[in-house]
Amino acid sequence: MVMTTVCAVAQTLTASAPSHVAVGEQFRLSYTVNTQNVSDFRAGNIPSEFEVLIGPNRSMQSSYQMINGHTSSTSSITYTYIVAATKNGSFTIPPAHVVVDGKKIASKALTIKVSGSAQSSNSRQNSDEGGEMRDAGSRISGSDLFIKVSANKKRVFEQEPILLTYKVYTLVQLTQLRGDMPDLKSFYTQEVDLPQQKSFSIETVNGRPYRTCTWSQYVMFPQTTGKLQIPSITFEGIVVQQNRNVDPFEAFFNGGSGYVEVKKKIVAPGIDIHVDPLPQRPAGFSGGVGKFNISAQLDKTETKANDPIKLRVIVSGTGNLKLIKEPVLNLPKDFDKYDPKVTDLTKLTTAGLEGSKIYDFLIVPRHQGKYDIPPVEFTYFDTATKRYETVKTESFHLDVAKGAGSASVSDFSGQEDVDELNKDIRFIKTGDANQHQLDDFFFGSTAYWVLIAALVVVFITLFVIFRQRAIDNANVTKMRGKKANKVATKRLKLAARLMKDNKPNEFYDEVLRALWGYVGDKLNIPVAQLSHDNISQTLADRGVHQSIIDKFIGAIDECEFERYAPGDPKGNMSKVYDKAMLAIEKIEEVMKKVKK
């Protein structure tokens with residue numbers, strides 16, 4: 001065996017191949033670099049006396065070790081060729097090169113002696129893990145290795161979860177398989193966590209015993225209606241085959257050159273899903289689709305005026321929990337309410353999102369008295385009964401005592417007598433007195449009439465201003481539109497804090513809420529009706545240019561994509577945050593111009 005290593009700043013590129021092979025023998029030529037931060041790998045010019053059958057195949061290895069509380073890790077990348085010798089002689093394979101951290105390192109040359117001819121073997125192996133070990137060069141047909149795609153439901157309502165399953169069936173030695181779900185704009189998609197170490201079982205199909213396992217699963221929430229297609233996916237697999245022309249003892253000592261790896265593309269078929277629109281939505285619809293219940297807790301039933309109390313509302317169940325609206329509180333008059341702190345305790349399962357969302361409201365009674373806090377209602381669409389259901393919490397009775405610095409109406413129910421003792425006889429004022437002429441009065445003077453006119457003008461102005469303000473306040477839709485930017489800005493500030501704390505999941509959820517909430521308030525579109533097409537059409541009707549519409553939709557798509565994209569989370573979060581801010585600013589500019 002020939003083994004050489006060259007070091008460059010603690011990094012090595014190692015070339016490995018058997019030192020002696022026979023004519024017609026297939027062997028493994030590999031190059032290993034002990035880091036994964038590599039680029040631009042280039043093998044040396046392999047002599048024409050060697051035929052490259054497969055390669056280069058790239059594989060990555062990582063290992064972690066903890067000793068006495070200290071953790072260490074190693075990683076490497078290996079580039080592998082399967083080569084066959086065609087002529088006797090002694091041949092040199094030139095050095096290979098690779099760039100590591102911007103620096104170029106090289107291996108040393110390998111010298112391989114070729115003599116004699118390869119021996120044939122008729123043995124055959126079967127693998128318990130992946131299937132039958134076949135001869136090198138054997139054809140892999142579509143019936144030997146395929147993927148079935150299934151959905152637990154093919155006709156659903158909008159926002160109803162679908163479980164999509166990709167299942168592998170193999171009769172050959174499958175060692176690797178890779179395929180990524182494309183970005184689907186019509187679905188909110190989350191991948192189900194499955195074990196990295198795949199476990200195969202036997203399943204008979206058309207009389208043939210296949211080794212099979214569930215390779216990947218996705219829970220998908222359709223965001224639009226109609227006939228939606230989940231496209232086909234091309235997976236790339238690696239199948240190991242046996243080279244029968246290699247002596248098994250020689251194969252053992254030269255790194256397993258008795259086997260070859262063959263790439264195989266497997267196409268998983270697409271599938272159609274029919275999505276029905278929800279029935280006419282009732283007033284107060286939460287946007288929830290699935291099965292839910294609601295409960296509430298009041299931290300105390302006795303308090304003082306101006307002292308805050310916490311009302312906790314818990315929405316739990318199974319369905320699209322991440323997309324529901326905040327519960328609405330109907331509090332007594334003169335109660336102040338602040339935006340709730342939301343705690344997400346949901347988890348993804350094959351049935352959808354399960355768990356609960358907790359809303360902690362801070363409310364402040366301003367006056368003493370006895371108050372009843374009515375139940376909090378939650379209306380959702382039940383996919384089992386196919387109708388809208390309303391669940392509600394219990395009501396609460398609250399006793400509010402007089403607080404420090406507060407005033408109760410009862411405080412002014414009585415009237416105190418004012419005693420003036422020894423003051424019923426007053427002295428005549430003495431000292432200097434101001435005198436004026438008999439007809440010199442302020443009433444009727446020029447200053448009097450000027451003051452009257454000024455007061456009339458002020459009265460009319462204030463009347464017009466407050467009347468318009470009352471009209472605007474009565475117009476809830478208009479007020480929501482005015483406050484849309486302020487609410488979105490507040491949510492983006494929270495997202496900025498989450499980005500700083502390096503919490504990508506909570507960050508992307510908060511940015512999505514900011515974008516969807518902004519456009520829903522600005523355009524007066526209910527949450528349940530929000531979709532890419534609906535937003536685009538409504539913005540276009542308001543006079544917003546198509547390029548700006550594309551930027552806003554792009555911001556939503558970018559956020560949903562980055563939620564699951566690999567790479568640098570902090571860099572991705574910064575990019576998504578900037579894009580969301582720019583999209584909202586552009587919409588605000590155009591809407592203000594249109595209003596003028």
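The model shown is predicted, which means the values in this text are computed figures rather than measured ones.
With hydrogens and angles ignored, the 3.5 Å screen pairs no side-chain donor or acceptor of D344 with any backbone N or O of K357. Between the side chain of T12 and the backbone N or O of T14 there is no donor-acceptor pair closer than 3.5 Å. N34 places no side-chain N or O within 3.5 Å of a backbone atom of Q11 that could act as its donor or acceptor partner. The backbone N or O of E506 lies less than 3.5 Å from no partner atom in the side chain of D509, so there is not a single donor-acceptor pair.
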Step by step, would you call L515 with I584 a side-chain contact (heavy atoms from CB on, under 4.5 Å)? CA-CA 8 Å; L515 292 171; I584 291 177; 4.2 Å; yes

Where do T165 and Q217 land on the side-chain hydrogen bond (donor to acceptor under 3.5 Å, both in side chains) test, with the steps shown first? CA-CA 5 Å; T165 302; Q217 287 184 314; 3.1 Å; yes

Give the C-alpha distance, both sets of side-chain angles, the deciding distance and a yes or no for side-chain contact (heavy atoms from CB on, under 4.5 Å) between V114 and V23. CA-CA 6 Å; V114 182; V23 173; 3.7 Å; yes

Could you walk me through whether D550 and S547 pass the side-chain hydrogen bond (donor to acceptor under 3.5 Å, both in side chains) test, one step at a time? CA-CA 5 Å; D550 293 341; S547 63; over 6 Å; no

Run F41 and Y31 through side-chain contact (heavy atoms from CB on, under 4.5 Å) and show every step you take. CA-CA 10 Å; F41 169 79; Y31 298 91; 3.7 Å; yes

Does the pair F146 and Y210 meet the rule for a ring-ring contact (aromatic ring centres under 6.0 Å, His included), with working shown? CA-CA 10 Å; F146 59 91; Y210 285 85; 5.3 Å; yes

For a side-chain contact (heavy atoms from CB on, under 4.5 Å) check, start with the C-alpha distance between T212 and S201, then their side-chain angles and the critical distance, and finish with the verdict. CA-CA 5 Å; T212 181; S201 60; 3.8 Å; yes

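Judged by distance alone, the side chains of Q159 and Q223 do bring a donor and an acceptor atom under 3.5 Å apart.
At a threshold of 4.5 Å between non-hydrogen side-chain atoms, the residues M181 and E191 do not count as touching. Within the 4.5 Å cutoff, the side chain of V262 has no heavy atoms near those of the I238 side chain. No side-chain heavy atom of L194 sits under 4.5 Å from any side-chain heavy atom of W215. The shortest distance between side-chain heavy atoms of V511 and L498 does not fall below 4.5 Å. When side chains are defined from C-beta on, L174 counts as touching L145, because their heavy atoms get closer than 4.5 Å. Two residues are said to be in side-chain contact when any heavy atoms from C-beta on lie closer than 4.5 Å; F221 and L353 meet this criterion. Two residues are said to be in side-chain contact when any heavy atoms from C-beta on lie closer than 4.5 Å; I112 and F91 fail this criterion. Residues S19 and K113 form no side-chain contact, since every pair of their non-hydrogen atoms from C-beta on lies 4.5 Å or further apart.
Between the CZ atom of F292 and the CG atom of L321 there is a distance of 4.5 Å, given to the nearest 0.5 Å. Here the CD1 atom belonging to I46 is positioned 5.5 Å from the CG atom belonging to L29, to the nearest 0.5 angstrom. Taken to the nearest 0.5 Å, the OG1 atom of T225 stands 8.5 Å off from the NE2 atom of H274. If you take OG on S216 and CG on L177, they are separated by 8.5 Å, rounding to the nearest 0.5 Å. Distance check: I535 CD1 to I549 CD1 gives 10.5 Å after rounding to the nearest 0.5 Å. Atom CD of E236 sits about 8.5 Å away from atom CD1 of I266, to the nearest 0.5 Å.
The environment of D501 atom CG is dense: over 12 non-hydrogen atoms of other residues, nucleotides or ligands sit within 6.0 angstrom.
Under 4.0 Å is where a charged nitrogen must lie from a carboxylate oxygen, and between K167 and E203 at least one such pair does. Salt bridge annotation for E354-K347: absent, with no cationic side-chain nitrogen under 4.0 angstrom from a carboxylate oxygen.
Pairs engaging residues 217-229 under the salt bridge (charged side-chain N to carboxylate O under 4.0 Å, His left out) rule: K227-D272 [sequence neighbours left out].
Smallest separation of non-hydrogen atoms from S115 and H20: OG-NE2, 2.5 Å. Across all their heavy atoms, T80 and T78 have their closest contact at OG1-CG2, 3.5 Å. Smallest separation of non-hydrogen atoms from T318 and A351: CG2-O, 3.6 Å. What you find for L13 and A96 is that their closest heavy atoms are CD2-O, 3.5 Å. Nearest heavy atoms, L110 versus A15: CD1-CB, 3.7 Å. Across T224 and V275, no two heavy atoms sit closer than the pair O-CG1, 3.3 Å.
Residues passing the side chain to side chain donor-acceptor pair (under 3.5 Å) test with Y359, sequence neighbours excluded: none. With sequence neighbours left out, the side chain to side chain contact (heavy atoms under 4.5 Å, CB included) criterion links Y577 to L492, A496, M499, F507, M581. Residues satisfying the side chain to side chain contact (heavy atoms under 4.5 Å, CB included) criterion with T86, sequence neighbours excluded, are E49, E51. The ring pair (Phe, Tyr, Trp, His ring centres under 6.0 Å) search around Y218 returns none, not counting sequence neighbours. Contacts of K291 classified as salt bridge (Lys or Arg N to Asp or Glu O under 4.0 Å), with partners at least two apart in sequence or in another chain: D382. Partners of E510 according to the salt bridge (Lys or Arg N to Asp or Glu O under 4.0 Å) rule, which considers only residues two or more places apart in sequence or in another chain, are R513. Among residues two or more places apart in sequence or in another chain, the side chain to side chain contact (heavy atoms under 4.5 Å, CB included) test is passed with D40 by R42, V99. Residues meeting the side chain to side chain donor-acceptor pair (under 3.5 Å) test with H97, sequence neighbours left out: none. Partners of K87 according to the side chain to side chain donor-acceptor pair (under 3.5 Å) rule, which considers only residues two or more places apart in sequence or in another chain, do not exist here. Here L345 pairs with T343, S356, I358 under the side chain to side chain contact (heavy atoms under 4.5 Å, CB included) rule; sequence neighbours left out.
Put simply, the residue from M220, R155, K153 that forms a side-chain contact (heavy atoms from CB on, under 4.5 Å) with E160 is K153.
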Donor-acceptor pairs under 3.5 angstrom involving side-chain atoms of residues 228-235: please list them, not counting sequence neighbours.
none

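Taking the centre and axis of the six-membered ring of Y166, the NZ or CZ atom of K148 falls outside the cone set by 45° and 6.0 Å.
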